[in-house]
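We use all heavy atoms of the structure for the numbers below, so side chains are in, but hydrogens, waters and symmetry mates are not. Since the structure is predicted, the reported quantities are computational estimates derived from the model, not experimental observations. Labels below follow one simple rule: chain letters A, B, ... track the order of the sequence lines, proteins then strands, and each chain is numbered from 1.
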2 protein chains.
Amino acid sequence: MNIGDAARASGVSAKMIRHYERIGLIRTSSRTQAGYRQYHERDVHLLRFIRRARDLGFSLDQIGQLLSLWDDPGRASADVKRLAEAHIADLDARITALTEMRTTLTTLAQACHGDHRPDCPILQGLATPPPAS
Amino acid sequence: MNIGDAARASGVSAKMIRHYERIGLIRTSSRTQAGYRQYHERDVHLLRFIRRARDLGFSLDQIGQLLSLWDDPGRASADVKRLAEAHIADLDARITALTEMRTTLTTLAQACHGDHRPDCPILQGLATPPPAS
DNA sequence: ATAAACCCTACCACGATGGAAAGGTCAAGC
DNA sequence: GCTTGACCTTTCCATCGTGGTAGGGTTTAT
């Protein structure tokens, strides 16, 4: 299987497969005499794992750790859970930050009549110190 | 006022002030004979505006547009509101995406007993196709 | 006079991904 | 057998916002 087939089968672009190889996230594949990378079904499994972990927002570094645990039959599920919960905490922080932005901005936007006149609470809100929270 | 004072007064790092100048977000400041950038209170106002807009998650490109409107006494508040609402929609999309990740991951993590045993629904979830939603 | 604190420019780095350039390879059709 | 198109290869550059570092000049206070 060439890299394009592995890409289509896994949902990871050929570009990224090469990248993951170069940064050591996945092992170097075998090559044909012409230098084409060769992949097998198990490689596609691995790439799909990575793709799903990316879809859940794990960083490539975290995915490296997940892959180590995946490979390790003697792993403790506690280690996996710890990684996951750390990531959940990170997601929570990001959601909180974005939600706060959204709340503030929505308040400003609601106060803006949004017509042809120039006066605008949004610009005023940006130009003056936020109320002490 | 030197760049360090402007940075402290505005909450924008000196590094970023220089960067904003280079990308054309703010005008080039006057310089002393030694080449030191000189700032005034109105520059600090401007930088604070940028800082608050960044805190609300606007991109530098969007901030450029906001600054144009801020400068324009003949602006229509509708233009500002449109920018803000586009950004709110963007925030919503990101919040939704992160929340979906969080939901999926939390479900997996809850199913994981998190002890010394190796079997782990989190890894299983990453290794097998997500259930068709 | 010297030291500390400041300023300057010009680089490089992150993280994950895409794009483009410039070239080699393979398979199908003529 | 040759051409064409689809594939593969590597290498470099770009994104976005920010931080760091190196190597140098300036100002201010002791």
Distances under 3.5 Å between nitrogen or oxygen atoms of protein and nucleotides 13-16 of chain C:
{"unit_1": "C:dA16", "atom_1": "OP1", "unit_2": "A:L60", "atom_2": "N", "d": "2.8"}
{"unit_1": "C:dA16", "atom_1": "O3'", "unit_2": "A:R54", "atom_2": "NH2", "d": "2.9"}

For nucleotides 21-25 of chain D, list the nitrogen or oxygen atoms of the protein found under 3.5 Å from its nitrogen or oxygen atoms, one pair per line.
{"unit_1": "D:dG25", "atom_1": "N2", "unit_2": "B:Y36", "atom_2": "OH", "d": "2.6"}

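Two end axes, each from the C1' atoms of five base pairs, can be drawn for the helix from C:dA1-D:dT30 to C:dC30-D:dG1; they diverge by 20°, to 10 degrees.
With values rounded to the nearest 0.5 angstrom, B:R94 atom CZ is found 11.0 Å from A:T99 atom OG1.
Residue B:R37 is in sugar-phosphate contact alone, with no base atom involved, counting any heavy-atom pair closer than 4.0 Å across all strands shown. Among the heavy atoms of the strands lying under 4.0 Å from A:R31 are primed sugar atoms or P, OP1, OP2 only; no base atom is included.
Applying the side chain to side chain contact (heavy atoms under 4.5 Å, CB included) test to B:S29 and every residue at least two apart in sequence or in another chain returns B:E21, B:R37, B:Y39. In this view, B:R54 satisfies the side-chain hydrogen bond (donor to acceptor under 3.5 Å, both in side chains) rule with no residue, not counting sequence neighbours. Under the salt bridge (charged side-chain N to carboxylate O under 4.0 Å, His left out) criterion, B:D79 pairs with B:R82, sequence neighbours left out. Residues passing the side-chain hydrogen bond (donor to acceptor under 3.5 Å, both in side chains) test with A:Q38 are A:N2, sequence neighbours excluded. Taking B:H116 as the reference, nothing meets the side-chain hydrogen bond (donor to acceptor under 3.5 Å, both in side chains) condition, with sequence neighbours excluded.
For the pair B:S77 (side chain) and A:C112 (backbone), a donor-acceptor distance under 3.5 Å is absent.
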Identify each donor-acceptor pair in which a side-chain atom of residues 104-111 of chain B lies under 3.5 Å from a protein atom, sequence neighbours left out, and give them as a table.
{"unit_1": "B:T104", "atom_1": "OG1", "unit_2": "B:E100", "atom_2": "O", "d": "3.1"}
{"unit_1": "B:T106", "atom_1": "OG1", "unit_2": "B:R102", "atom_2": "O", "d": "2.5"}
{"unit_1": "B:T107", "atom_1": "OG1", "unit_2": "B:T103", "atom_2": "O", "d": "2.9"}

Just distance, no hydrogens or angles: give the donor-acceptor pairs under 3.5 Å from side chains in residues 66-74 of chain A, sequence neighbours left out.
{"unit_1": "A:S68", "atom_1": "OG", "unit_2": "A:G64", "atom_2": "O", "d": "3.1"}
{"unit_1": "A:D72", "atom_1": "OD1", "unit_2": "A:G74", "atom_2": "N", "d": "2.8"}

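Contacts with DNA chain C (heavy atom under 4.0 Å) in residues 93-103 of chain B: none are found. Taking every heavy atom of residues 2-14 of chain B and every atom of DNA chain D, pairs under 4.0 Å involve B:S13, by number.
Around the CZ atom of A:R27, the shell of radius 6.0 Å holds no more than 12 heavy atoms that belong to other residues, nucleotides or ligands.
A single hydrophobic cluster is not seen to contain both A:Y36 and A:V44; linkage of ILVMFWY side chains at heavy-atom distances under 4.5 Å, directly or through other members, places them apart.
Residues B:R8 and B:D5 are paired through a salt bridge, judged by an N-O separation under 4.0 Å between the basic side chain and the carboxylate.
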